[in-house]
Amino acid sequence: MEKLILIDGNSIIYRAFFAMPPLTNSAGQHTNAVYGFTNMLLRLIQEQQPSHILVAFDAGKQTFRHEGYKDYKGGREKTPPELSEQFPMLKELLDSFGIARYESEGFEADDIIGAVSKRADEEGRQVLVVTGDKDMLQLVSDRVQVALTRKGVTEVEPYGYAEIQERYGLKPEQITDLKGLMGDTSDNIPGVPGIGEKTALKLLHQFGSVEEVLARTDELKGKMKENLVNHAEDARMSKQLATIHREMPVERSWEDMAFAGLTEDKAAPVLRKLEFKSLLERLSFAAEGGAASDGQGERRAEEALDIRICTEDNLGELLEALSAVEALHIETNGDNPHQAEVVGITFSSQRMYYFVSYDLLKKEAAAPLANWLGDETISKSGYDLHRADLALHWHGIPFAGAAFDVSIAAYLLDPTGGDQSLSALADKYGLAPIASDESVFGKGAKYKLPEEEALGLHLARKAAVIAKLVPLQQEDLEKNGMSKLFFDLEMPLSRILADMEKQGIAVNREDLQQLGTEFQEQINKLVTQIYEIAGTEFNLNSPKQLGEILFDKMQLPVIKKTKTGYSTDADVLEKLAPYHDIVQFILDYRQLAKLQSTYVEGLLKEIRPETGKVHTFFRQTITATGRLSSQYPNLQNIPIRLEEGRKIRKVFVPSEPGWHILAADYSQIELRVLAHISGDERLKEAFLHEMDIHTKTASDVFGVPQEQVDSNMRRSAKAVNFGIVYGISDYGLSQNLNITRKEAGQFIEQYFAIFQGVRKYMDSIVKEAKRDGYVTTLLERRRYLPEINASNFNLRSFAERTAMNTPIQGTAADIIKLAMVRMVEALSERKLRSRMLLQVHDELVFEVPEDELELMTRLVPEVMEKALELSVPLKAEVSSGNNWYEAK
DNA sequence: GCGTTCACG
DNA sequence: ACGTACGTGAACGCC
């Protein structure tokens, strides 16, 4: 008789973790949850004699991160790292047992179990679902049984029709009704207030279903009736949430799930590594490894590598091997690559690994090696070569020829994939494991280089992993249709970014200091006034102390609270301003204090004395959408909206006398992208006719001619347009416009009634995300949304808004990146001296010699507008002056 | 190290 | 019943 055991992996490992006492192996890894899981598994196998087994997991690391987030919202503990670290071990163990496991981006273990059990049921097979989650009881049928864990985890209690009837007096399909009424705090299912298990069961015994209860509330009375009437929708939705979807495409055949029993050669090494001696005995496996054991048997099976620690004497070997180098790794220290030291370089060449220390690299004897590094005709594969390039540059060693950067590939393949270190990538691709940097170097203040031998080994392992990753990632990129994005856009861009960063942008130190003096005078005045009104001195920078003054001492009304106390953010202070003069002073203080600490003092610290410039570091592998980010300093958030802050821009000047700063920005690029991808005729019309998009939107939504749109209507329309781009919600819009949620909802409804193409796009992109588990941009940049089918309302809603926003923000990011690549080509073709310095999401900043100003004023917007052809025109506006302030 | 606030697109 | 507009980085207070 064939029998399938379907295990809810997440549910069981959680329970095992909390049920078992702490347990670690000699490597210091926690193993208690894996131990509990394995015990349960072996017992099930013995008792049930299954022919097939499948363990289902929630997909991806994100799930656990967001479970932490959800728990946090629910006021519970985060997933402890002692548990997180056990997931990879469990998966390795299952593989070694020959047990199939299944996780699929965008789906939860519930979905997998629901769908697999349904199919098996239809095929007439016996199924036992093992879980700690009572919701699963809804899956019970003639052929499907559900085993719930008891107190511990190794014991389970099987439920069929009879047991559910006996325990609850319900049929399996009524389990969702039960949840609909009583809710479930751990899953964030609300249910109906005041109704717990007892009341819910009574109601269901009387009426049979949620729908029937709600239809016949006239037969009830009192508070319960009131709650049911008022929360009818909650009840319906809760039932929906508790319903397991059983329709996902199952990408496992029956044969894939076959279980043939354990074999010692596969299972024993993993059990030994975990140091599960009692289990080894129970299975009659040897507790010590066989012939393979080499005294390191208990450690992870890191690969033995053939390593040369290079010296002046043996450097010739490496020089000969250079022509066959598959990968190199350039290790740097510190976060800021402009200040980093080069720790050492390793090379992988035909299964030999060479380590070169920085000291050796700087010696005359290594000149051929330095030449090789700087030869742009030699293609190089590595990890974070952009960072390496900068570090080498400041030590006088040119680097060129970056052709395949494993960190960028990993980012494109999963921009929100969490830890993208080489150690994590080795795990992910099933390569020989390598130690984490933290374990080799320590972190923070404890960072310390190990002995050269150990250092060389660790860095050689990195080079080895890079060499192996390259073909694997190349294949994955190809599979995802991202090869062009990688080779023709991101890799060229990474080289361009390094050039921009080395170039830097000049800052007038004296002017900046002068500005600081002016700010400080104003700050001093404000502080005096505020202390006087408050009647006491306190730390104005402490929201806690400020809150005590405003709300306890002065008794101003509390508008909003944070987790830790009173909120004092600008939103709140603006609402309090009418009550007391002090509030405006505080707002002004905040503004100036921000400018002073972040932009005057912060920027001064970043000016490099040698160049008189600031050299930001653009990060290419951070954002979820494909945008860049900027650090040390962040030059993508220099003030502009308020005049006081905008003055900061005056200190950003050309680095050569007589040159100009030229800035060009895309006009409404995100709404134009939306017009293109949604195909909305009205939106397209607006851009084809060069209309003011917010006025046009107001005119359409309020049904008045454009001439009659007043400033308030335009302001509302602008907020709606922003909201649309962000993945609109009535709540968000209401916050932004300071109106009620209902009014915001009406705005949105009116908008969608006019821009129907946009509504269709929003609906279809969410559907697409639910089907595929990811969304893409025009250039096939991809973002996975594992929570798009979550049963938790907040997680799911967030993913839905992300599904709407990411293709828009991401495509805009694609476009300006394309423009940057084309711009550099255009500059070099025309042999111009102008330099591209900064990118600020929809803006490019250049420094331009006088005699190129006219040409650049035409060329830059032209290149930007032609970067990608859409069904609406792209528009770029250009301007120039003696500094960034004037280039507006 | 986390939370709050605020600067930008 | 729940609480978010999307995407970032830096400074500061506080534990």
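Residue contacts for A:S729: at a heavy-atom cut-off of 4.0 Å it reaches a base atom on one of the strands shown. As judged by a 4.0 angstrom heavy-atom cut-off over every strand, A:A235 is placed among residues making no nucleic acid contact. Using a 4.0 Å heavy-atom cutoff across all strands shown, A:V840 reaches sugar-phosphate atoms only and no base atom. Within the 4.0 angstrom heavy-atom criterion, only backbone atoms of the sugar-phosphate kind lie near A:R783; the bases stay farther away. Among the protein residues, A:S567 comes within range of the sugar-phosphate backbone only, with heavy atoms under 4.0 Å from sugar or phosphate atoms but none that close to a base. Within 4.0 Å of A:R641, counting heavy atoms only, lies at least one base atom of the nucleic acid. Contacts of A:M237 with the nucleic acid, taken as non-hydrogen atoms under 4.0 Å apart, include base atoms. If you check every strand for non-hydrogen atoms under 4.0 Å, A:A570 touches sugar and phosphate atoms only. In this structure, A:L595 reaches neither bases nor backbone, as no heavy-atom distance under 4.0 Å exists between it and the strands shown. Here A:D234 lies in heavy-atom contact (under 4.0 Å) with a base. Heavy atoms of A:G727 sit nowhere under 4.0 angstrom from any nucleic acid atom.
Of the residues in residues 805-815 of chain A, A:N805, A:Q809 come within less than 4.0 Å of DNA chain C through at least one heavy atom, sorted by number.
Note on residues 586-601 of chain A: no pairs pass salt bridge (Lys or Arg N to Asp or Glu O under 4.0 Å), not counting sequence neighbours. Each salt bridge (Lys or Arg N to Asp or Glu O under 4.0 Å) pair with one or both residues in residues 615-630 of chain A, not counting sequence neighbours, appears once here: A:R627-A:E670. Screening residues 722-742 of chain A for salt bridge (Lys or Arg N to Asp or Glu O under 4.0 Å) gives A:D730-A:R741 as the qualifying pairs, with residues at least two apart or on separate chains.
The P atoms of B:dT4 and C:dG3 are separated by 14 Å, rounded to the nearest whole Å. Remark: the separation of the C1' atoms in B:dC6 and C:dA1 is 31 Å, to the nearest Å. Distance noted for atom P between C:dC2 and B:dA7: 32 Å (whole Å).
For A:F798, the listed nucleotide lying nearest its side chain is C:dG7; candidates were B:dG3, B:dG1, C:dG7. The side chain of A:H841 lies closest to C:dG7, out of C:dA1, C:dT4, C:dG7. Set against B:dG9, C:dA5, C:dG3, the side chain of A:R627 has B:dG9 as its closest nucleotide. Here the nucleotide nearest the side chain of A:P639, chosen from B:dT5, B:dC8, C:dT4, is B:dC8.
Between A:P193 and A:I728, the one whose closest nucleotide on DNA chain C sits nearer the 5' end is A:P193.
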Subject >> Nucleic acid footprint by protein, nucleotides 8-15 of chain C - heavy-atom cut-off 4.0 Å, B for base, S for sugar-phosphate alone >> reply: SBBSSSS-
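Cation-pi geometry between A:K718 and A:F722 is not met: the NZ or CZ atom fails to fall both under 6.0 Å from the ring centre and inside 45° of the normal.
The OH-P distance, from A:Y411 to C:dG7, rounds to 12 Å in whole Å. Atom-to-atom, CG of A:N721 to C1' of C:dA5 comes out at 14 Å; the value is rounded to the nearest Å. What separates CZ of A:R741 from C1' of C:dT4 is a distance of 10 Å, to the nearest Å. Rounded to whole Å, the distance from CZ on A:F519 to P on B:dA7 is 12 Å. Put simply, CD1 on A:I816 is 19 Å from P on C:dG7, counting in whole angstrom units.
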Original post:
For DNA chain C, what string of dots and brackets results from 5' to 3' when Watson-Crick and G-U pairs need both distances under 3.5 Å, crossing pairs get [ ], and pairs with another strand get |?
Top reply: .....|||||||||.
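Using a 4.5 Å heavy-atom threshold, the side chains of A:T811 and A:L779 count as separate. Put simply, the side chain of A:L838 does not reach to within 4.5 Å of the side chain of A:L844, judged on heavy atoms. Residues A:F687 and A:Q668 meet the side-chain proximity criterion, which asks for heavy atoms closer than 4.5 Å. Taking 4.5 Å as the limit, some side-chain heavy atom of A:K560 sits within range of a side-chain heavy atom of A:D569.
In this structure, A:R801 reaches the C:dC6 phosphate: one of its side-chain N or O atoms is under 4.0 Å from OP1 or OP2. For A:T562, a side-chain nitrogen or oxygen approaches OP1 or OP2 of B:dT4 to under 4.0 Å. One finds no side-chain N or O of A:S238 lying less than 4.0 angstrom from the OP1 or OP2 phosphate oxygen of C:dA1.
Taking the 5.5 Å centre cut-off and the 30° plane limit, the aromatic side chain of A:F793 is not classed as stacked on C:dC2.
Of the listed residues (A:I677, A:L778, A:D814), just one forms a side chain to side chain contact (heavy atoms under 4.5 Å, CB included) with A:P807, and that residue is A:I677.
Here A:H386 and A:F617 bring their ring centres to under 6.0 angstrom of each other. In this structure, the ring of A:F652 has its center no less than 6.0 angstrom from the ring center of A:Y885.
Using modelled atom types, one finds a donor on one side chain and an acceptor on the other under 3.5 Å when comparing A:S630 with A:T616.
A salt bridge links A:R759 with A:E749: the closest approach of a Lys/Arg side-chain nitrogen to an acidic carboxylate oxygen falls below 4.0 angstrom. Salt bridge status for A:K647 with A:E518: absent, with no side-chain N to carboxylate O gap under 4.0 Å.
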